[in-house]
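We name chains A, B, ... by the order of the sequence lines, and we start the count at 1 in each one. Heavy atoms only: backbone and side chains are in, while hydrogens, waters and symmetry mates are out.
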2 protein chains.
Amino acid sequence: MHNIRKPPTMADVARRTGVSPMTVSRAFKRDASVSQETREAVLRAAEELGYVFDSTASNLRSQRTDFIAVTIPSINNANFADTVRALSDGVSERGLQILLGYTNYDVQEEERLVEQLLRRKPEAIVVTGGKHTPRTRKLLSNAGIPVIETWDIPEEPIGHVVGFSNAQAVREMVDHFICVGYRNIAFIGGDASRDTRGADRRAGFIAAMKDHGLEAPRLIAAGPPPISMREGADAMGQLLERFPDTDAVICVSDLSAFGALTECQRRGVAVPEKIAIGGFGDYEIGAICVPSLTTINAFADEIGARTAELILDVLDGKLAEAGRVTIRPDLILRQSSR
Amino acid sequence: MHNIRKPPTMADVARRTGVSPMTVSRAFKRDASVSQETREAVLRAAEELGYVFDSTASNLRSQRTDFIAVTIPSINNANFADTVRALSDGVSERGLQILLGYTNYDVQEEERLVEQLLRRKPEAIVVTGGKHTPRTRKLLSNAGIPVIETWDIPEEPIGHVVGFSNAQAVREMVDHFICVGYRNIAFIGGDASRDTRGADRRAGFIAAMKDHGLEAPRLIAAGPPPISMREGADAMGQLLERFPDTDAVICVSDLSAFGALTECQRRGVAVPEKIAIGGFGDYEIGAICVPSLTTINAFADEIGARTAELILDVLDGKLAEAGRVTIRPDLILRQSSR
DNA sequence: TTCGCTCATGTTATCGTTACCAATGCAAGT
DNA sequence: ACTTGCATTGGTAACGATAACATGAGCGAA
């Protein structure tokens, strides 16, 4: 068993190539000044030895990790996944790697996660949402790295922001629904406390109704976030029983909207003739299902892409003050509503 | 501006507390032997100074990163997300953190990704699938850490395996379909080359048909993987036009199956009366949509959970030889088929 | 020729923590 | 009293790369 020996280091590669360790180090960097032939010789020797570059040592000495820390509420959500993918693609060409964690829509969990992530010394940290515990805020503020809050317009931003107003987005749907004649409009969401974006959407709904002189008694809380298709279906069942005169319903996401739609199908309630349905997030399902879902496109991928651009600019020192990128969500009218 | 000073280190915390740096180090470990009062004093001083533990230094000196590297084909797939979440939950209680990357269903991309991940010196690496480039195999074999292949039963496993036979799972659906009387069965999948699990499912379909003495000419390739709802709908359109006598179709995933279902709805083709549909993966949508989808539950979350257990066992030295955890997928009969 | 400049490479010290070993104090056992 | 053992703490060196600086060769311009 000759495999017990320790893995080779740069010193081993240097010895084999007949150069100094420093030259080996340079050969592994893209831009470093090494002659073509030396680099090739070094890389060949490295390959022969089975040498694998050790980031941990590099990280410590250079005080760079090339990590971008990212927190999302859930790893099982296509919207956040889109954002992370675009963000990852945007920064990877500069050799930056995403270090991802999820909070389960819980600010305490977020606090633990942020602390854990900061220990890894990322170059920047991206958090989803603008509501945090005081300690999370403090940790982020003192981290000495760019902080980007996304998917929201925080009242008191910590650093940079790439987001949109959830309340305003829903308001536009309410305006449209009222404009085309719906009056008894309901809202299906999760229990308000945890999912702050969901809570903002509900608040936007209530405020918009009020501005049109309408009450908003039809609020269905479908359980702890994240609520998905099953909860949407259950909530629609409740809604149809408790408020049979409802003529439209706005759901906190396309997933719950689709669940609500299927419940109507099971009960033989015509959509949109008997009841209209609106979703949020422009998930793929809303474009494909029959009838297709009226929804709001929040441009999840653009949030990721713009966040990536912002990070690169900040790291390049091209951005002096705090960035404020505001995304303007789009109302998409489809078959599930007039 | 007094923030220019360097961030505090353990030495600063030690000085403030009146102990040695070694004691500070111990205070930050769960199990280390430090007196209760010393630990509290250290942590208090750390909090006052705004000290943040530096993993990069710890990683180098202790030769432990507490990373578990994971590669998945796509970050936008609920099945893989389920696996990653269960895996993450399973290892996080031991302080292990997932370092995630995605390959876009491309083995070359996987090779780059694996190399990048190995540089971070993870404690173990989990890859999705059992087909890799020769260099990827070599990198994984020589990494000196546990390697776990998942979501597949590789012909020549590199190390441990937590998976199932994609071909066998589809075979069971074919057997059932034939048993209840379907004969003109089609298969909708992506172009074979990239998504190896999808290719295995298609191969399993063809082999199963052959075993029943049936040809399998109804193969619709819906484009480059990953294929989703849109591609499923397009493929169903093609299928209905090219093979109008098809009485059942098996789709490479529930997403394409749902897309296919919606195309039937748009064309007024009754499911399952005119054509039956089977999916794969037991996504939430298949349980909720109308009609609900017959599918195969591959227990994505269990794959993650069992992988986590396996990793902990191996790291504890409780597992001498290579682990072979075989998941047995479940055929779930729902409304979209007899 | 000589100066100045660029390019390629080498030398030295260091990033911040912790493995390893040593030392101390105190309680219990002989 | 003396040993034994455990709990707690400290000192020193090292993990493996690279920042910072130094060196030498080559080459064109004055």
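Among the atoms of the strands shown, only primed sugar atoms or phosphate atoms (P, OP1, OP2) are found under 4.0 Å from some heavy atom of B/V19. When heavy atoms are screened at a 4.0 angstrom cut-off, B/K121 is found touching no nucleic acid atom at all. Heavy atoms of A/T56 sit nowhere under 4.0 angstrom from any nucleic acid atom. Looking at heavy-atom distances under 4.0 Å, B/Y51 makes contact with sugar-phosphate atoms alone, never a base. Residue A/S55 is classed as having no contact, given no heavy-atom separation below 4.0 Å to the nucleic acid. In this structure, A/T9 reaches the sugar-phosphate backbone alone: every heavy-atom distance under 4.0 Å involves primed, P, OP1 or OP2 atoms, never a base.
Dashed line: the shortest gap from a side-chain N or O of B/S35 to OP1 or OP2 of D/dT9 is under 4.0 Å. Contact check, B/S58 against C/dT18: a side-chain N or O comes under 4.0 Å of OP1 or OP2. OP1 or OP2 of D/dC6 has not a single side-chain nitrogen or oxygen of B/S33 nearer than 4.0 Å. The side chain of A/T23 places an N or O atom within less than 4.0 Å of a non-bridging phosphate oxygen (OP1 or OP2) of C/dG10. A/S62 has no side-chain polar atom (N or O) that falls below the 4.0 Å cut-off from OP1 or OP2 of C/dC15.
To the nearest angstrom, P of C/dG16 lies 13 Å from CG of A/N59. Straight-line distance from the CD atom of A/Q36 to the C1' atom of C/dA8: 13 Å, rounded to whole Å. Rounded to whole Å, the distance from NZ on B/K29 to P on D/dT8 is 18 Å. To the nearest angstrom, C1' of D/dA19 lies 13 Å from CZ of A/R64. Here the P atom of nucleotide D/dT18 and the CD atom of A/Q63 are 13 Å apart, to the nearest Å. At whole-Å resolution of the value, CZ in B/R39 and P in D/dT9 are 10 Å apart. Note: CZ (B/R26) to C1' (D/dA7) measures 11 Å, nearest angstrom.
With distances taken from any side-chain atom of B/M10 to the nucleotides C/dT9, D/dT9, C/dT17, the minimum falls on C/dT17.
The nearest pair of heavy atoms linking B/D316 to B/R94 is OD1-NH2, 2.6 Å.
Between A/R194 and A/P73 the shortest side-chain heavy-atom distance does not fall below 4.5 Å. Side chains of A/I72 and A/T103 form no contact here, defined as non-hydrogen atoms less than 4.5 Å apart.
A salt bridge links B/E115 to B/R135: at least one charged side-chain nitrogen sits closer than 4.0 Å to a carboxylate oxygen. The pair B/D66-B/K121 does not meet the salt-bridge criterion, since no charged nitrogen lies less than 4.0 angstrom from a carboxylate oxygen. A salt bridge does not link A/E47 to A/R44: none of the charged side-chain nitrogens sits closer than 4.0 Å to a carboxylate oxygen.
Heavy-atom distances to DNA chain D give each of B/L60 and B/M22 a nearest nucleotide, and the one nearer the 5′ end belongs to B/M22.
On a pure distance criterion of 3.5 Å, no polar donor-acceptor pair joins the side chain of B/R61 and the base of C/dT17.
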